[in-house]
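Heads up, the thing below is written out as structure tokens.
In what follows, chains are A, B, ... by sequence order, proteins preceding strands, each numbered from 1. Since the model is a prediction, treat every value here as computed from it, not as a measurement.
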Amino acid sequence: MPELPEVETVRRDLLKVLLGQKITALKIFSASIVKTAPATFSKKLKGATITALKRRGKLLIIELDRPNLFLLVHLKMTGQLIYLSPAALITGGHTFSEAERKREFPNRHTRVSFTFADGSHLFFNDLRKFAYLKLVDKEALDKIIASNYGPEPLDKNFSHDLFAASLKKSSRSIKAVLLDQKVIAGLGNIYVDEALFAAGILPDRVSKSLKPAEVSKLFKVIPEILKKSLKYRGTTFRNYLDGRGRSGNFSKQLQVYGRDGEKCYHCQETLKKIRLAGRGTHYCPKCQK
DNA sequence: GTGTTTGTTATCAA
DNA sequence: CTTGATAACAAACA
């Protein structure tokens with residue numbers, strides 16, 4: 001599941017190869033995932049050059065040399081953005097050999113492909129067709145960000161007091177609150193479970209019942225976990241691949257997510273899994289209070 | 001055929 | 001207004 005560390009890893013990968021790339025052709029294999037009329041989508045993007053690549057929460061924002069035009073990419077659960085350059089194929093510098101590439105891209109999960117002026121390609125793959133591409137103007141972009149995204153946990157302005165105030169306000173479970181993108185942007189099911197374990201807090205605790213020390217601990221461990229995952233290039237649990245088609249390595253560092261029935265690394269207690277806030281929720285009954 | 005996986009939004013009920 | 005529960009979306013896998 002692409003959450004903040006995975007989306008940021010993709011962004012950083014693509015940043016190295018996409019800036020200055022001019023789109024010469026694009027192919028829409030699955031119209032339903034493009035949330036802009038196909039004709040408009042193609043017309044506006046052909047000939048456009050990528051000037052910047054940004055991220056807000058789990059949303060990727062591709063900026064173009066077009067006044068007032070932004071390409072939004074949301075990977076949802078199984079989306080992938082994979083860049084393949086012909087030069088790297090010749091030098092063997094990439095994960096995929098030419099033979100592999102021809103067989104695999106585009107494949108049956110490729111929903112849109114972009115061709116650039118230098119002959120390289122960007123493939124937008126998505127198994128489940130939840131992910132989307134969308135063209136918006138500045139006004140629409142600002143509105144989307146303002147109404148859906150709260151503070152960025154890796155931003156230096158990430159505020160303890162604002163975070164604490166949000167937690168104090170809510171009588172939902174702490175799990176549900178941390179999943180709320182308006183409270184904190186970028187966490188998903190994996191990192192919420194990991195953060196609550198690291199902070200020693202049971203996921204079904206009522207948010208406003210957390211003691212100040214617990215809130216502070218949570219505030220401290222969230223950026224730590226995200227940064228560590230970034231260092232490992234994210235978590236591949238099922239489908240996630242980075243900007244060059246490689247898996248993330250944080251999976252082996254997970255303390256609780258997906259480990260139900262196994263022993264806690266910390267206290268050897270058997271880890272449990274429940275359903276909370278509509279999600280599979282993993283925790284240690286002994287380490288978390 | 002059934003249950004499970006989750007990011008996000010919509011809808012309904014209390 | 002708040003919250004939770006549930007479904008919907010969508011496809012694969014055990």
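For A/N148 and B/dG7, the shortest distance from a side-chain N or O to OP1 or OP2 is not below 4.0 Å. Distances shown here put every side-chain N or O of A/Q181 at or beyond 4.0 Å from the OP1 or OP2 atom of B/dG7.
Rounding to the nearest 0.5 angstrom, the gap separating the NZ atom in A/K35 from the CG atom in A/L133 is 9.5 Å. Between A/Y240 atom OH and A/Q80 atom CD the span is 9.5 Å, to the nearest 0.5 Å.
A stem is defined here as three or more consecutive Watson-Crick or G-U pairs, each with both distances under 3.5 Å; for DNA chain C these stems are B:2-5 with C:11-14, B:7-14 with C:2-9.
Using a 4.0 Å heavy-atom cutoff across all strands shown, A/S32 reaches no nucleic acid atom at all. A/R275 comes within 4.0 angstrom of a base, heavy atoms only. Counting non-hydrogen atoms under 4.0 angstrom, A/G278 reaches nothing in the nucleic acid.
Across every non-hydrogen atom of A/I145 and A/R56, the tightest pair is CG2-NE, 3.7 Å.
Aromatic ring centres of A/F123 and A/Y83 lie farther apart than the 6.0 Å criterion allows.
Nucleotides B/dT2 and C/dA7 have their P atoms positioned 15 Å apart, rounded to a whole Å. Going from the P atom of B/dT8 to that of C/dA12 covers 22 Å, rounded to whole Å.
Side-chain to base pairing of A/R128 with B/dG7: no donor and acceptor N or O lie closer than 3.5 Å to each other.
A nucleotide of DNA chain C counts as in contact with chain A when one of its atoms lies under 4.0 Å from a heavy atom; the first and last such, 5' to 3', are C/dT3 to C/dA12.
The aromatic rings of A/H160 and A/F219 sit perpendicular to each other, their planes meeting at more than 60°, with 30° as the lower class boundary.
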